[in-house]
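Read the structure below first, then the notes.
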Amino acid sequence: MRVLITGGAGFIGANFVHHTLEHRPDDEVTVLDALTYAANEASLAPVMDRIRFVRGDIADAAAVDALVKQSDVVVHFAAESHNDNSLRDPSPFVHTNLVGTFTILEAVRRHSVRLHHISTDEVYGDLELDDPAKFTPDSQYNPSSPYSSTKAGSDMLVRAWVRSFGIHATLSNCSNNYGPYQHIEKFIPRQITNVLSGIRPKLYGAGANVRDWIHVDDHNSAVWTIIDRGRSGEIYLIGADGERNNRDVLELILELMGKPADWYDHVTDRAGHDLRYAIDASKLRDDLGWTPAFTDLRAGLAQTISWYTDHREWWTGHKDLVEARYAEVGQ
Ligand code: NAD
Ligand code: TDX
């Protein structure tokens with residue numbers, strides 16, 4: 001299969017490239033990525049001779065058209081992905097997540113190419129901390145931030161293109177990912193690299209907010225399951241029953257890194273901070289037979305801590321800037 005991967009130099013996309021080369025060595029991989037601040041070319045350096053890499057914007061219709069025409073499937077990861085950044089400046093989120101996805105949709109429509117659109121559980125808004133409910137494919141869209149609202153809008157575009165134009169597309173909404181190659185602005189790698197840099201970790205508010213953690217490799221195995229066996233037009237929720245509050249995750253990181261359980265600071269909370277996300281992935285498990293490989297968060301975090309410890313050159317050059325930007329807003 002000729003696979004076009006947008007956003008392949010970012011966190012999940014780069015892991016998806018590695019996963020694809022390892023498990024599907026006969027597939028031809030092309031990556032389209034604008035190399036924004038969130039990308040890291042080093043993530044793909046070891047496999048550059050096995051892929052075609054194109055630097056470009058997913059909102060560039062001519063560039064997208066030429067690449068889509070030569071593909072059998074487009075796996076669309078490219079996005080502006082960080083909630084905190086979307087609160088400072090929403091404009092790149094509108095450009096990439098909405099205009100970029102529209103541009104991809106028009107190209108797959110023109111050339112009748114299969115699309116898999118990657119999205120997030122944040123499109124459903126949040127759940128109460130004490131609510132036993134989880135998100136299902138029938139949950140109502142109710143996004144809170146500029147990031148999640150532009151992702152919700154991109155999902156709506158995909159759904160409309162399926163219904164109105166009959167494009168061959170599937171959509172997945174996944175919970176919070178962790179693992180190697182994640183940008184150090186995000187919660188888990190920020191705290192791991194803080195400890196490795198001698199900086200006290202930073203917890204927003206009281207740390208009671210709950211996220212449903214999944215290892216990035218499980219997200220990617222689920223995406224390939226959906227591409228191989230999912231039904232066109234269907235929506236699948238991806239999650240691995242990994243609900244934990246932020247304080248517990250941080251204390252686990254501190255324990256695994258040999259620091260006292262209270263070696264962190266409470267900092268300014270995020271505006272509009274979603275309380276809890278939780279995924280019911282039974283459709284993916286029951287209909288398509290997918291199961292996650294990483295079911296133990298402690299083991300997955302230990303592997304992730306080792307990765308950041310062994311790959312300091314991948315992140316140290318970015319650390320000062322990331323922390324300076326957080327310090328400006330008291331985080
Ligand atoms: P990321 O920020 O690490 O990577 C995004 C990549 O997209 C970067 O390489 C960047 O250069 C590229 N990109 C941004 N704008 C572009 C543009 N206009 N044209 C081309 N490339 C562009 O993001 P991530 O965490 O890997 O997330 C990937 C996808 O998965 C996103 O669609 C995100 O919404 C979704 N998702 C993420 C998570 C998570 O926990 N990280 C969970 C669920 C869904
Ligand atoms: O320093 C921090 N301290 C802290 O307490 C940071 C960076 C975050 N947090 C909290 C905020 C959240 O409750 O940790 C939680 C996780 O934060 P993020 O890593 O920013 O993730 P989140 O906002 O939950 O969104 C992530 O999961 C869904 C991804 O960034 C999105 O792209 C994805 O759609």
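Computed from a predicted model, the values in this text were never measured in an experiment. Only this structure's heavy atoms are used, side chains among them; waters, hydrogens and symmetry mates stay out. Counting convention: from 1, in listed order, for ligands and their atoms alike.
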Considering only heavy atoms of [X], which atoms of ligand 2 have at least one such atom less than 4.0 Å away?
X: His82; result: 20 (O)
X: Tyr326; result: 7 (C)
X: Tyr147; result: 31 (C), 32 (O), 33 (C), 34 (O)
X: Thr120; result: 28 (C), 33 (C), 34 (O)
X: Gln191; result: 1 (O), 2 (C), 3 (N)
X: His273; result: 11 (C), 12 (C), 13 (O)

- Any idea which part of Glu122 is under 4.0 Å from ligand 2, heavy-atom wise: side chain, backbone, both or neither? side chain
- Between Gln331 and ligand 2, which residue portion shows a heavy-atom distance shorter than 4.0 Å: side chain, backbone, both, or neither? neither
Please report whether ligand 2 has a polar contact with [X], defined as an N or O pair separated by less than 3.5 Å (distance criterion only).
X: Asn209; answer: no
X: Arg270; answer: yes
X: Leu203; answer: no
X: Lys202; answer: yes
X: Lys186; answer: no
X: Glu185; answer: no

Tell me which donor-acceptor pairs under 3.5 Å the side chains of residues 299-308 have, and how far apart each pair is, sequence neighbours excluded?
| residue | atom | partner | partner atom | Å |
| --- | --- | --- | --- | --- |
| Gln303 | OE1 | His215 | NE2 | 3.1 |
| Thr304 | OG1 | Gly300 | O | 2.7 |
| Ser306 | OG | Ala302 | O | 3.1 |
| Trp307 | NE1 | His311 | ND1 | 3.4 |
| Tyr308 | OH | Gln182 | N | 2.8 |
| Tyr308 | OH | Gln182 | O | 2.6 |

Tabulation required: pairs of a nitrogen or oxygen in ligand 1 and a protein nitrogen or oxygen under 3.5 Å; columns are atom names and distance to 0.1 Å; otherwise 'none'.
| residue | atom | partner | partner atom | Å |
| --- | --- | --- | --- | --- |
| ligand 1 | 2 (O) | Ser81 | OG | 2.7 |
| ligand 1 | 3 (O) | Phe11 | N | 3.0 |
| ligand 1 | 9 (O) | Gly10 | N | 2.9 |
| ligand 1 | 9 (O) | Asp33 | OD1 | 3.3 |
| ligand 1 | 9 (O) | Asp33 | OD2 | 2.6 |
| ligand 1 | 11 (O) | Asp33 | OD1 | 2.6 |
| ligand 1 | 11 (O) | Thr36 | N | 3.0 |
| ligand 1 | 11 (O) | Thr36 | OG1 | 3.1 |
| ligand 1 | 18 (N) | Asp57 | OD1 | 2.9 |
| ligand 1 | 18 (N) | Thr96 | OG1 | 3.0 |
| ligand 1 | 19 (N) | Ile58 | N | 2.9 |
| ligand 1 | 21 (N) | Ala34 | N | 3.0 |
| ligand 1 | 23 (O) | Ser81 | OG | 3.3 |
| ligand 1 | 26 (O) | Phe11 | N | 3.3 |
| ligand 1 | 26 (O) | Ile12 | N | 2.8 |
| ligand 1 | 32 (O) | Phe77 | O | 2.9 |
| ligand 1 | 32 (O) | Lys151 | NZ | 2.6 |
| ligand 1 | 34 (O) | Tyr147 | OH | 2.7 |
| ligand 1 | 34 (O) | Lys151 | NZ | 3.1 |
| ligand 1 | 40 (O) | Asn177 | N | 2.9 |

- Item | Lys134/Asp241 ion pair, N-O < 4.0 Å | yes
- Query: So, are Lys319 and Glu185 salt-bridged, with charged N and O less than 4.0 Å apart?
  - Reply: no
- Message: Is the positively charged end of Arg24 above the ring of Trp224, judged by distance under 6.0 angstrom from the centroid and angle within 45° of the axis?
- Response: yes
- Residues Tyr124, Phe135; criterion ring pair (Phe, Tyr, Trp, His ring centres under 6.0 Å); working and verdict: CA-CA 7 Å; Tyr124 301 117; Phe135 297 133; 5.2 Å; yes
- From the candidates Ala79, Pro201, Ser81, the one that places a heavy atom nearest atom 31 (C) of ligand 2: Ser81
- Task: Would you mind reporting whether Arg247 and Leu203 have side-chain heavy atoms less than 4.5 Å apart?
- Result: yes
- Query: Where do Asp72 and Arg114 land on the salt bridge (charged side-chain N to carboxylate O under 4.0 Å, His left out) test, with the steps shown first?
  - Reply: CA-CA 6 Å; Asp72 299 307; Arg114 167 79 195 275; over 6 Å; no
- Hydrophobic cluster partners of Ile199 (side-chain heavy atoms under 4.5 Å): none
- Task: If a pair satisfies side-chain hydrogen bond (donor to acceptor under 3.5 Å, both in side chains) and one of its residues is in residues 39-51, list it, with sequence neighbours excluded.
- Result: Ser43-Trp314
